[in-house]
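Shown next, in structure tokens, is the structure this report addresses.
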There are 2 protein chains.
Amino acid sequence: MSRPTIAGVARAAGVSVASVSRVLNGLPATEEMTERVRRAVAELGYVPDARARSLKVGRTFQLTLAVADVGNPVYVTMMRAVEEVVSAAGYRLVVTTTGPDVVDEVALVQGMARGYADGLLISPIRVDEDLVKAIRACEVPVVVAGSVPSKAGVDTVRANSPKGMLLAVDHLTYCGRRRIAFLNGPADTVPGAARAKGFAEALRAHDLEPIAVAEAADFTFAAGRRVSGDVLRAKPNAVICANDLLAVGLMHELAAAGLDVPNDVAVVGMDDSELAEQSFPPLTSVNLGSAERGRRAAELLLARIDDNDRTPRRIVVQPSLSIRRSTP
Amino acid sequence: MSRPTIAGVARAAGVSVASVSRVLNGLPATEEMTERVRRAVAELGYVPDARARSLKVGRTFQLTLAVADVGNPVYVTMMRAVEEVVSAAGYRLVVTTTGPDVVDEVALVQGMARGYADGLLISPIRVDEDLVKAIRACEVPVVVAGSVPSKAGVDTVRANSPKGMLLAVDHLTYCGRRRIAFLNGPADTVPGAARAKGFAEALRAHDLEPIAVAEAADFTFAAGRRVSGDVLRAKPNAVICANDLLAVGLMHELAAAGLDVPNDVAVVGMDDSELAEQSFPPLTSVNLGSAERGRRAAELLLARIDDNDRTPRRIVVQPSLSIRRSTP
DNA sequence: TTGTAAGCGTTATCAG
DNA sequence: CTGATAACGCTTACAA
């Protein structure tokens, strides 16, 4: 016995398929009609086919969230926020991973045209002309959590990295640290570039020279460890890291070198992810508003699905600093 | 201008829709036909609609992975392994979160009947009669990463927690620790129950009495911290934790109490997730084979999609111990 | 209020 | 090898 269709239900209830559909969708029907349909549905264990339904109505009631790396705790914060908003709006959230390459991001965006979901929320790590083009051409609404040229004409929600950097440097100088180094991720990524720029500006604002700037191969713990040596050779008394994973990697190397955090070297991370409070010592971290970014991006996406003609908005969420024990 | 359909392509190429479909699916066609279709497809930027296609062929080429908590690093390990297997087989992987409640798991399994995906890989944290029933009744193949009664007649891949526990206790006694406590997650969960049982057995095998057994409200860092006091009051010189998050939570409380890890108290976690190497000190952890479990579960799922009549397999993957610096 | 029937965009069957 | 056409399961005018 195969899965029952709406026709089967109609037959069992002795009514038309249209009536079944109406009852199921809460459209007006007699008491008796409703009852007969309900009974038949229960009897057969009928469940409407989402594929057929979405083919007809043109909507899937699914939204896709694409992130670069599920291992990066900043995405779990964001994911939780997005999930909350979209499920409250009656959508299912499906999460997919793109990996670090632009080509995969482009493929994903183009694939959306196949109708898998009604909208895409993407947090691209690298952006190039092709990606912008793909986003513009995308059949379904796209909102970007991150930076993308304004000519892309797409809703974006991004962090204010320079401001966040300033917060970090303010705090460190206030603590008396002036030999500040920077452990960045790849500078050819969007966040990498933004943070590098922000770091330079923030130091300039304080009339400081960077002690060292290192660039990890990617935004991971392992990559952070690998380049920590380059940072430490410069004997900084404070290091700002482009995200929490890198910061934790650095702290491991500091421990291995017999250096105390925060007494010998203060460390500040970025993202203020769950890892920041889990690390030891708990990590002072720049909160770039990942939860709020997720929330607002999701709201933007829902709004655009509702009305695709609205003018694109570009939201910037403000950072704050979560001071923990990795700084004095 | 709206999205082109196969009919539009056919018109543009001056051929029938059937021919377009054939060319696109690599069925025999003349050189010229192929060329004309290809040109029209490129011209219009045609992308086949996945909904319509799956309605017709009855397959979505999507697989769903359902996990309880995206914040638990054990799932990222598993997710990576699953992703690798299913994408190699030509499927897209969509990840959804169920939360800690059985009702949500049941709803998810029942929802699969709507045709969102061709198969479901679920790692349920709590199992009850309803869930088993839902899985049996599920229209699409389901494989469970975890334990479920064998009468459910479903493929499962599970860890060997008792064996893992034994590894942990072996190691601790070898290090001379005999005052061993256990920090568990909720005992009414599948992993919680398995680990409690395993812990008791392992201690018995070593003629040891448990010093303390505490139960966190869930398998999270915060919950681990909250009940650590109950564990520490018993003055253990070793604590086994039901997962890495709990272990890290405990280590924070140990530090707060001025106790050294591993000298005063040895700590061993379970799951051997990325967090184990990121924590400080790096956490000795029982590797319950999450990557292998993910891989094999995915393979089982693919095999069952291929042939739904095969007899259900129940695979158990063997644990190993990753010794790091949280034990002497 | 209810039923009939026409699609939604594909693929598969069956003639030509 | 190619083209017309009937499904796939559902929603929605339109008619009754």
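Proteins come first, then strands; the chains are lettered A, B, ... in the order of their sequence lines, and each starts at number 1.
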Query raised in the report: Over how many whole Å does the gap from Leu55(A) atom CG to dC8(D) atom C1' extend?
Result: 9 Å

**Report entry** Whole-Å gap separating C1' (dA12(C)) and CZ (Arg59(B))
**Finding:** 16 Å

Query raised in the report: Can you name the salt bridge (charged side-chain N to carboxylate O under 4.0 Å, His left out) partners of Arg51(A), sequence neighbours left out?
Result: Asp49(A)

Report task. Would you mind reading off the distance between Arg3(B) atom CZ and dT10(C) atom C1', rounded to a whole angstrom? Result -> 11 Å

Requested in this report: State whether Ser16(A) places a side-chain N or O below 4.0 Å from either non-bridging phosphate oxygen (OP1 or OP2) of dG3(C).
Outcome: yes

**Report entry** Reading 5' to 3' through nucleotides 11-16 of chain D, protein heavy-atom contacts under 4.0 Å coded B for base, S for sugar-phosphate only, - for none
**Finding:** BBB---

Query - Closest-nucleotide ordering on DNA chain D, the 5'-leading residue of Thr30(B) and Ala52(B) - result: Thr30(B)

**Report entry** Arg92(A) to Tyr116(B) six-membered ring, cation-pi geometry met (6.0 Å, 45°)
**Finding:** yes

Query raised in the report: Any side-chain heavy-atom pair from Val143(B) and Thr156(B) closer than 4.5 angstrom?
Result: no

Report task. Give a yes or no on whether a salt bridge exists between Arg39(A) and Glu43(A), defined as a side-chain N under 4.0 angstrom from a carboxylate O. Result -> no

Query raised in the report: Could you give the CG-to-C1' distance, from Asp49(B) to dG7(C), as a whole number of Å?
Result: 14 Å

Query raised in the report: Rounded to whole angstroms, how far apart are CD on Glu31(B) and P on dC1(D)?
Result: 12 Å

Requested in this report: Would you mind reading off the distance between Asp118(B) atom CG and dC8(D) atom P, rounded to a whole angstrom?
Outcome: 19 Å

**Report entry** Modelled atom types, side-chain donor and acceptor of Asp118(B) and Thr60(B), under 3.5 Å
**Finding:** yes

Query raised in the report: At under 4.0 Å between heavy atoms, what does Val47(B) touch on the DNA or RNA strands: base, sugar-phosphate, or nothing?
Result: sugar-phosphate

Query raised in the report: Do the side-chain N and O atoms of Tyr75(B) and Arg80(B) include a donor-acceptor pair separated by under 3.5 angstrom?
Result: no

